[in-house]
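Contents: one structure, followed by commentary.
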Amino acid sequence: MLTSLTLSACSHSASDKDITHFDESPPDNITETENSHTVIINSDRINNDSINIVSPDWGNAATLTAMGHAPIATGDIRVWDRWVGRPNLPASTTDIGIRYQPNAELVAQLPVDMVIDNYFYEHARSLYGDVPAESVMFAAKGETATWADYTEPTRALGALIENPKLAEDYIVQSQKEISRAGVKLQQRYPNVKKFAVVQFVDANNMRMYVDNSLFRVALNQMGKELVSLGQGNQWGFFPIRMKDLAQLDDETCLLIIDPMSPITKAEIEDSLVWQRLSYGDNRCMAELPPVWIYGGMSSLVSLANNLSTVSLKGGATL
């Protein structure tokens, strides 16, 4: 049904294309933005006394921004809202073009002190001349992603910007925020314990996210279980077809991660397989706003906040 594919946690703008208890009082240097995504306010950054970072990698760029030390430039800003969502980049952030192949002329004009990327972007380091480059990667080190897989790179970012306390404050506040989101979700839907997470490639093919993805970490921190149908690749997913969703039990709620084009939504609505699966009716589902799948701590926080406010539909467990 079309209505089962038009749910959202809260509206995000989209550009074209492509049992631990915490102190609930945030530190003085923490503020909360729309959709409750915590951002650390760094006075050094405001005074422009800090290290100027360029990061073509969205995971690092988003986490640095949420920490309070936004990069002066990143790539593909025109589709940031469509794929990343939160946090918002400062209006002053320079778009260096395609992340995989930055604009050399733009890069040459930037007052860059350091480039923070990962192995996926190392081929472009020559564009930055003599500017030092460091690699920080948010990814599972084993078959199951852990909280440490996200705290350790965040601490690495703190060390690189010579402000480890900023990173520690952000980690502590992020864990509190995710925990609060888990409590809120449990209060709203106490009978929903398990979630499967997919992202449609087209109307019949999708990526299912597995234990070495950020979804496992976020759901685990929220006291919920990630369900998958197999073992994924190094990126934390494996491909499935729509009919494979029938293997999920009726107690598992399906989460569909945006973006998804209107054409794809229409084709799914017309699919007999989808209609027979009965998601949004006899089986639980929800559509979530974008979160950068290959992101860092900020992606965990965004996902938790989105899930805590989403309206689940269908299923006997609701």
Side-chain angles (χ1 to χ4, degrees), residues 40 42 44-45 50-77 79-80 83-84 87 89 93-104 106-108 110-171 174 212-217 232-237 291-302:
I40 307 293
N42 180 8
D44 287 341
R45 181 71 174 133
S50 56
I51 298 171
N52 285 337
I53 302 295
V54 168
S55 181
D57 175 66
W58 277 350
N60 286 319
T63 298
L64 284 166
T65 299
M67 282 170 56
H69 192 113
I72 64 170
T74 188
D76 290 318
I77 290 179
V79 291
W80 176 277
W83 291 98
V84 183
L89 289 170
T93 309
T94 298
D95 191 338
I96 55 175
I98 301 171
R99 285 170 295 141
Y100 193 71
Q101 191 174 2
N103 185 305
L106 276 177
V107 168
L110 295 173
V112 188
D113 297 316
M114 181 183 297
V115 175
I116 300 180
D117 58 12
N118 53 52
Y119 72 89
F120 191 72
Y121 303 98
E122 286 180 353
H123 66 280
R125 286 183 174 181
S126 60
L127 295 174
Y128 304 100
D130 296 330
V131 176
E134 298 289 343
S135 180
V136 176
M137 185 73 180
F138 289 94
K141 294 182 176 64
E143 293 183 359
T144 300
T146 66
W147 180 246
D149 289 332
Y150 291 84
T151 58
E152 290 175 5
T154 303
R155 292 188 175 101
L157 290 175
L160 289 173
I161 62 174
E162 299 179 3
N163 197 338
K165 185 179 183 302
L166 193 68
E168 290 299 333
D169 287 346
Y170 178 60
I171 290 169
S174 294
N212 63 329
S213 72
L214 63 84
F215 296 100
R216 197 271 182 187
V217 179
N233 56 22
Q234 63 177 324
W235 304 109
F237 70 85
V291 61
W292 185 232
I293 305 300
Y294 314 109
M297 185 67 70
S298 63
S299 287
L300 297 180
V301 175
S302 290

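Sequential numbering from 1 along the given sequence is applied to the chain's residues. Treat the numbers as computed from the prediction; the structure is a model and nothing was measured.
Of all the heavy atoms in L214 and I293, the pair that sits closest is CD2-O, 2.9 Å. Of all heavy-atom pairs between A104 and L127, the closest is CB-CD2, 3.7 Å. Nearest approach of A62 to S298, heavy atoms of both residues: CB-OG, 3.2 Å. Contact detail for M297 and I171: the closest heavy-atom pair is CE-CG1, 4.3 Å. In terms of heavy atoms, A156 sits closest to V136 at CB-CG2, 4.4 Å.
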Item to complete: Go through the steps to decide whether M114 and Y128 satisfy the test side chain to side chain contact (heavy atoms under 4.5 Å, CB included), and finish with yes or no.
Response: CA-CA 9 Å; M114 181 183 297; Y128 304 100; over 6 Å; no

*asked:* Could you walk me through whether H69 and N163 satisfy the side chain to side chain contact (heavy atoms under 4.5 Å, CB included) test, starting with their C-alpha distance in whole Å, then the side-chain angles of each, then the deciding distance to 0.1 Å, before giving a yes or no?
replied: CA-CA 9 Å; H69 192 113; N163 197 338; 5.9 Å; no

Q.
Could you walk me through whether L64 and I161 satisfy the side chain to side chain contact (heavy atoms under 4.5 Å, CB included) test, starting with their C-alpha distance in whole Å, then the side-chain angles of each, then the deciding distance to 0.1 Å, before giving a yes or no?
A. CA-CA 9 Å; L64 284 166; I161 62 174; 4.1 Å; yes

Next item on the list: For side chain to side chain contact (heavy atoms under 4.5 Å, CB included), just list the numbers for I96 and V54, CA-CA rounded to whole Å, side-chain angles, deciding distance to a tenth of an Å, and then say yes or no.
Entry: CA-CA 9 Å; I96 55 175; V54 168; 4.0 Å; yes

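For the atom pair T94 OG1 and I77 CD1, the distance stands at 7.0 Å (nearest 0.5 Å). The structure places CD1 of I51 at 8.0 Å from CG of L160, a figure rounded to the nearest 0.5 Å. Between S135 atom OG and R125 atom CZ the span is 6.0 Å, to the nearest 0.5 Å. Considering OH of Y170 and CG of L157, their distance stands at 10.0 Å, rounded to 0.5 Å. Remark: I53 CD1 to L110 CG distance equals 12.5 Å, nearest 0.5 Å.
Separation of the Y294 and F120 ring centroids does not fall under the 6.0 Å cut-off.
N60 and T63 share no donor-acceptor pair across their side chains, judged by distance under 3.5 Å alone.
Panel note: side chain T74, backbone S55; a donor-acceptor pair is recorded below 3.5 Å. Judged purely by atom type and a 3.5 angstrom limit, D149 uses its side chain to pair as donor or acceptor with the backbone of T146. A donor-acceptor pair is defined here as one N or O able to donate and one able to accept, closer than 3.5 Å; such a pair exists between the side chain of W80 and the backbone of P87. D76 places no side-chain N or O within 3.5 Å of a backbone atom of V79 that could act as its donor or acceptor partner. A donor-acceptor contact shorter than 3.5 Å links the side chain of N212 to the backbone of N233. Between the W58 side chain and the G75 main chain, a donor and an acceptor come within less than 3.5 Å of each other. The backbone N or O of W292 sits less than 3.5 Å from a side-chain atom of S299, completing a donor-acceptor pair. Remark: side-chain polar atoms of T93 are not paired, donor with acceptor, to backbone N or O of L89 under 3.5 angstrom. The backbone N or O of N52 sits less than 3.5 Å from a side-chain atom of D113, completing a donor-acceptor pair.
Atom CD of E162 has 12 or fewer neighbouring heavy atoms from other residues, nucleotides or ligands inside a 6.0 Å radius. Atom CD of Q101 has 12 or fewer neighbouring heavy atoms from other residues, nucleotides or ligands inside a 6.0 Å radius.
In summary, K141 and E152 engage in a salt bridge, as defined by a charged side-chain N under 4.0 Å from a carboxylate O. In this structure, D57 does not pair ionically with R99, as no charged nitrogen and carboxylate oxygen lie closer than 4.0 Å.
Put simply, the side chain of T65 reaches to within 4.5 Å of the side chain of P71, judged on heavy atoms.
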